Amino acid sequence: MKKTHTLLVLLLLAVSFPAPAGAQFLDHKTRKQLERENDQLRQRLEALQQEIEWLRNDAQERDSLVKVMNEASENEAAGMEAVDYFDTPSYYEKPARHNQPTYSDNMTDSLLSVWYLHRQARENTQGQGYDMDSVRFTSEVPDRVLIERLQRMNSFIQLPYNETVKNYMVLYSEKMPTKMGQILGLAKYYMPIFEEAFRRYGLPLELKYMAIIESALNPVAVSRVGATGMWQFMHATARNYGLKIDSYIDERMDPVASADAAARYLRDAYRIFGDWSLAISSYNCGSGNVNKAIKRSGRRDFWSIYPYLPRETRGYVPAMVGAMYAVNYAKEYGLEPTPVQIPEHVDTFMVNRNLHFRQVSEVLGIPIDDLRDLNPQYYKDIVPGAQGDQVFRLPYNYSNAFLDSQDTIYKYKVNEMFSGSVDEGRAAARPEAKPAAASGGTGQWVYYKVRRGDNLGKIASRHHTTVKNIKSWNGLKSDKIREGQRLKVGRR
């Protein structure tokens, strides 16, 4: 930043004091020519002064964001109270971390179809393939009705109506009925968790709809660039906001922990930009890109900076409005939630010893997929309690049995469960998982044939590996793949 300012100062000096060698030509120039040159120099000087002011404001905003992130990260690491400008406690402050999360009383039955819906929503390609910058959807619902419905939603976040917003309203309510049904089914389970997180920080509850845009409510979603979980956190941002990521646990996949981190990020972004649409946009593309768009437009409102935002970010806020509209007016469009089996109540335990999902599943008779759905952050099926207290969730009807049988559970096949590598334990627990060669697999290559709508992030998530591994194994220099292509996805 200092180098940039120095360069601009030198440019200003050069503009203000032209080289004396040019003086010999002054006599040969007319007054109009000299006046024109003076006007040009004045315009250049004003432009450079404006650029310096923009750079100064950008540096102040960036420093503010870095300070907030560092304070939150340091306080989390030290076990202190999180910096909280809304005077409300964080779920992950000590000792509040031991509190059990509350869930809706409407949650009933088994979790098996939650996993099924995650997979179906991830693989459903409805709504894809449209160029939303050029497409113009039509609807039998008149514009005046669409506007009235938006107003009746009484959103705390401003919901303007224009052709771009209309496109996304029609897209989510009319163009993807099967996928929206799956999302509505998952929303019954996850939305109460998000609402609790945003209430904790005094934030608008409408922010919960961002998770639909980010991941279609899939807690184990992985993007082509490595953003992970329902709220699609990159590694560095997740660590800054206190989420654990190591060989056993990735809290980006924990619906409760990641929602708490997303709420804190959005709270900090709003303090910087003072506008919810800008804060939401920064969540997608980063505050730096939003600041660049503000500089280029000279304004600080979303629709003024819209043309200057990255292409994938422009539609983020309108898409959120479209998803919010479709959820609120699902009945008017005949959208029915896909039936989902969800536990009536979930009990939370703090585990301080290593625990394998198979130990709990085989001793208590709980389907192992139920444990994975409730605890997606433990992506190797191992709760690393030896590292310190870890959250472990169970359907409430198994709580007493778990408490009464803990000694038996922890001793059950302990040598078998933990004798080999973590990946060997996972392979035994999840037959469909194929450990990556980089993680110790030495058998024959496993191949996958690319289908329509696939991307590297989706394929990596499905085969429990990373985009980097798949690109390395297949000699890919970019993320582009084609339908019908055979890719190595790991070793048996």
Side-chain angles (χ1 to χ4, degrees), residues 89-115 117-118 185-197 199-200 217 219-220 229-230 243-244 248-261 340-412 417 429:
S90 166
Y91 179 85
Y92 286 94
E93 292 172 11
K94 292 6 178 219
R97 186 183 178 106
H98 299 268
N99 293 342
Q100 295 183 10
T102 58
Y103 292 86
S104 167
D105 292 335
N106 295 327
M107 300 178 181
T108 58
D109 303 320
S110 159
L111 268 175
L112 182 60
S113 63
V114 172
W115 171 86
L117 279 186
H118 288 161
L186 293 170
K188 289 185 176 181
Y189 177 49
Y190 292 116
M191 287 305 179
I193 298 174
F194 303 157
E195 289 172 358
E196 182 183 354
R199 282 196 184 99
R200 190 178 302 130
L217 302 184
V220 295
M230 200 171 293
L243 295 179
K244 292 181 182 178
Y248 296 92
I249 181 173
D250 190 339
E251 286 191 327
R252 293 179 293 179
M253 300 183 187
D254 183 338
V256 179
S258 61
D260 186 273
V340 56
Q341 310 301 322
I342 303 176
E344 182 178 353
H345 185 71
V346 174
D347 281 340
T348 303
F349 297 88
M350 301 308 297
V351 174
N352 55 18
R353 286 185 282 177
N354 286 344
L355 179 66
H356 203 292
F357 285 4
R358 283 179 60 202
Q359 291 177 301
V360 181
S361 174
E362 294 178 17
V363 173
L364 300 184
I366 305 176
I368 197 166
D369 280 328
D370 289 15
L371 299 177
R372 290 168 180 160
D373 283 324
L374 285 175
N375 303 277
Q377 68 272 31
Y378 304 119
Y379 56 93
K380 296 184 184 294
D381 287 355
I382 295 174
V383 184
Q387 297 179 1
D389 286 350
Q390 305 292 345
V391 172
F392 182 60
R393 301 184 183 95
L394 284 173
Y396 84 103
N397 49 315
Y398 290 96
S399 298
N400 290 335
F402 179 77
L403 289 171
D404 294 340
S405 308
Q406 285 194 67
D407 288 340
T408 303
I409 292 171
Y410 283 113
K411 293 177 182 178
Y412 179 77
M417 301 293 180

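If you're wondering where the values come from, they're calculated on a predicted model, not measured in any experiment.
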Evaluate the side chain to side chain contact (heavy atoms under 4.5 Å, CB included) criterion for residues Phe392 and Val360: first the C-alpha distance (whole Å), next the side-chain angles of each, then the deciding distance (0.1 Å), finally the verdict. CA-CA 11 Å; Phe392 182 60; Val360 181; 4.0 Å; yes
[X] versus [Y], closest heavy-atom pair with distance:
{"X": "Tyr398", "Y": "Gly365", "result": "OH-O, 3.9 Å"}
{"X": "Ala197", "Y": "Asp260", "result": "CB-N, 4.1 Å"}
{"X": "Ala259", "Y": "Phe194", "result": "CB-CD2, 3.7 Å"}
{"X": "Arg353", "Y": "Asp407", "result": "NH2-OD1, 4.1 Å"}
{"X": "Pro255", "Y": "Pro219", "result": "CG-CB, 4.4 Å"}
{"X": "Ile249", "Y": "Tyr379", "result": "C-CE2, 3.7 Å"}

Partner of Asp381 by side-chain hydrogen bond (donor to acceptor under 3.5 Å, both in side chains), out of Arg358, Gln359, Arg372: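 The option that passes is Arg372.
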In the structure I gave you, are the side-chain heavy atoms of [X] and [Y] within less than 4.5 Å of one another anywhere?
{"X": "Asp250", "Y": "Gln377", "answer": "no"}
{"X": "Asn375", "Y": "Phe357", "answer": "yes"}
{"X": "Met191", "Y": "Ile193", "answer": "no"}

Do side-chain atoms of [X] reach the backbone of [Y] as a donor and acceptor pair under 3.5 angstrom?
{"X": "Gln390", "Y": "Val351", "result": "no"}
{"X": "Ser361", "Y": "Pro367", "result": "no"}
{"X": "Asp347", "Y": "Leu394", "result": "no"}

Under the side-chain contact (heavy atoms from CB on, under 4.5 Å) rule, collect the residues that match up with Ser405, sequence neighbours excluded. Leu364, Ile409
side-chain contact (heavy atoms from CB on, under 4.5 Å) with Gln406: which residues, sequence neighbours excluded?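 Gln406 satisfies side-chain contact (heavy atoms from CB on, under 4.5 Å) with Phe402, Leu403, Tyr410 once adjacent residues are dropped.
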CG of Leu355 to CE of Met417: how many Å apart, nearest 0.5 Å?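 Going from the CG atom of Leu355 to the CE atom of Met417 covers 9.5 Å.
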If the test is side chain to side chain contact (heavy atoms under 4.5 Å, CB included), which one of Leu371, Asp373, Asp370, Asp254 qualifies with Arg393? Asp254
